[in-house]
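One structure is given below, encoded as structure tokens.
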Amino acid sequence: VQLQASGGGLVQAGGSLRLSCTTSGRTLSTYSMGWFRQAPGKEREFVAAIFRNGASTSYADSVKGRFVISRSNLKNSVYLQMNSLEPEDTAVYYCAGAAQWIMSSWSAKRSIASEYDYWGQGTQVTVSS
């Protein structure tokens, strides 16, 4: 599965961006999806995850209440709506996919980058103060 992340850009603090992750050729409906980010000099960190049917979502504490992950399996897309952006949100954002997780697997693995099978190329988000 080839994932393509888009929607990044430069925004002022307090602003919003919507990231998209799409694929071509294969359906995302059987994949649980996640968003991760990596700031310069820091390790990749979990941002948000959504179960393959969209029934469950999870967020890092740092983005809870500001970011919303959603998906459209009809459009083979996953989205990350980012509101009230802060300079600390500046990073390259990556979407990731994991095949065939059942709910118990998703609960245990959703925030662990190494557990995901597929990765997009990343999209830069820069928040100015």
Checklist outcome for this item: In terms of heavy-atom contacts, L28 and C21 come closest through CD1-O, 4.4 Å

Next on the checklist: Between I69 and V78, does the side-chain contact (heavy atoms from CB on, under 4.5 Å) criterion hold? Intermediate values first, please.
Outcome noted: CA-CA 7 Å; I69 188 171; V78 178; 4.1 Å; yes

Checklist outcome for this item: CG of N76 to OG of S29, rounded to nearest 0.5 Å, is 7.5 Å

Checklist entry - Is it true that W101 and W119 fall in one hydrophobic cluster, defined by side-chain heavy atoms closer than 4.5 Å? => result yes

Checklist entry - Are any non-hydrogen side-chain atoms of T30 and Q100 less than 4.5 angstrom apart? => result yes

Next on the checklist: What's the separation between atom CD in Q4 and atom OG in S77, rounded to the nearest 0.5 Å?
Outcome noted: 10.0 Å

Checklist entry - Can a cation-pi geometry be assigned to R18 and Y79, taking NZ or CZ under 6.0 Å from the six-membered ring centre and within 45° of the ring axis? => result yes

Checklist entry - What distance do R66 atom CZ and S84 atom OG have between them, rounded to the nearest 0.5 Å? => result 7.0 Å

Checklist outcome for this item: Tightest non-hydrogen contact, residues P87 and S129, listed as CG-CB, 3.8 Å

Item to check | Partners passing side-chain hydrogen bond (donor to acceptor under 3.5 Å, both in side chains) against Q124 (at least two apart in sequence or in another chain) | outcome: T126

Checklist entry - Out of V92, L17, T90, which one pairs with V125 under the side-chain contact (heavy atoms from CB on, under 4.5 Å) rule? => result L17

Checklist entry - Would you say the side-chain atoms of S56 pair up with the backbone N or O of F51, donor to acceptor, closer than 3.5 Å? => result no

Atom pairs and distances, donor-acceptor, side-chain atoms in residues 103-116, under 3.5 Å, two or more places apart:
residue: S107; atom: OG; partner: M103; partner atom: O; Å: 3.0
residue: R110; atom: NE; partner: S58; partner atom: OG; Å: 3.0
residue: Y116; atom: OH; partner: R110; partner atom: O; Å: 2.6

Next on the checklist: Tell me whether Q121 contacts the main-chain N or O of A5 through its side chain, where contact means a donor paired with an acceptor under 3.5 Å.
Outcome noted: yes

Next on the checklist: How close do R71 and S32 get, counting heavy atoms only, and between which atoms?
Outcome noted: NH1-CA, 4.1 Å

Next on the checklist: Starting from Y93, can I reach F46 by hopping between I/L/V/M/F/W/Y residues whose side chains sit under 4.5 Å apart?
Outcome noted: no

Checklist outcome for this item: For L80 and A48 the tightest heavy-atom approach is CD1-CB, 4.1 Å

Next on the checklist: Side chains of R37 and E45, heavy atoms from C-beta outward: is any pair under 4.5 Å?
Outcome noted: yes

Checklist entry - Is there a path of hydrophobic side-chain contacts, each under 4.5 Å between heavy atoms of I, L, V, M, F, W or Y residues, that connects Y118 with L19? => result yes

Next on the checklist: Please tell me whether S16 and N83 have a donor and an acceptor in their side chains that are separated by less than 3.5 angstrom.
Outcome noted: yes

Next on the checklist: On a heavy-atom basis, which atom in V47 and which in F67 lie closest, and how many Å separate them?
Outcome noted: CG1-CD2, 3.7 Å

Checklist entry - Are side-chain heavy atoms of W35 and I50 found at a separation under 4.5 Å? => result no

Next on the checklist: Tell me the closest heavy-atom pair linking C95 and L3, and the distance in Å.
Outcome noted: SG-CB, 3.8 Å

Checklist entry - What about the rings of F36 and Y94, do their centers lie closer together than 6.0 Å? => result no

Next on the checklist: Quick check on K42: does its NZ atom have over 12 non-hydrogen neighbours (other residues, nucleotides or ligands) under 6.0 Å away?
Outcome noted: no

Checklist entry - Any chance the side chains of R52 and Y31 put a donor and an acceptor closer than 3.5 Å? => result no

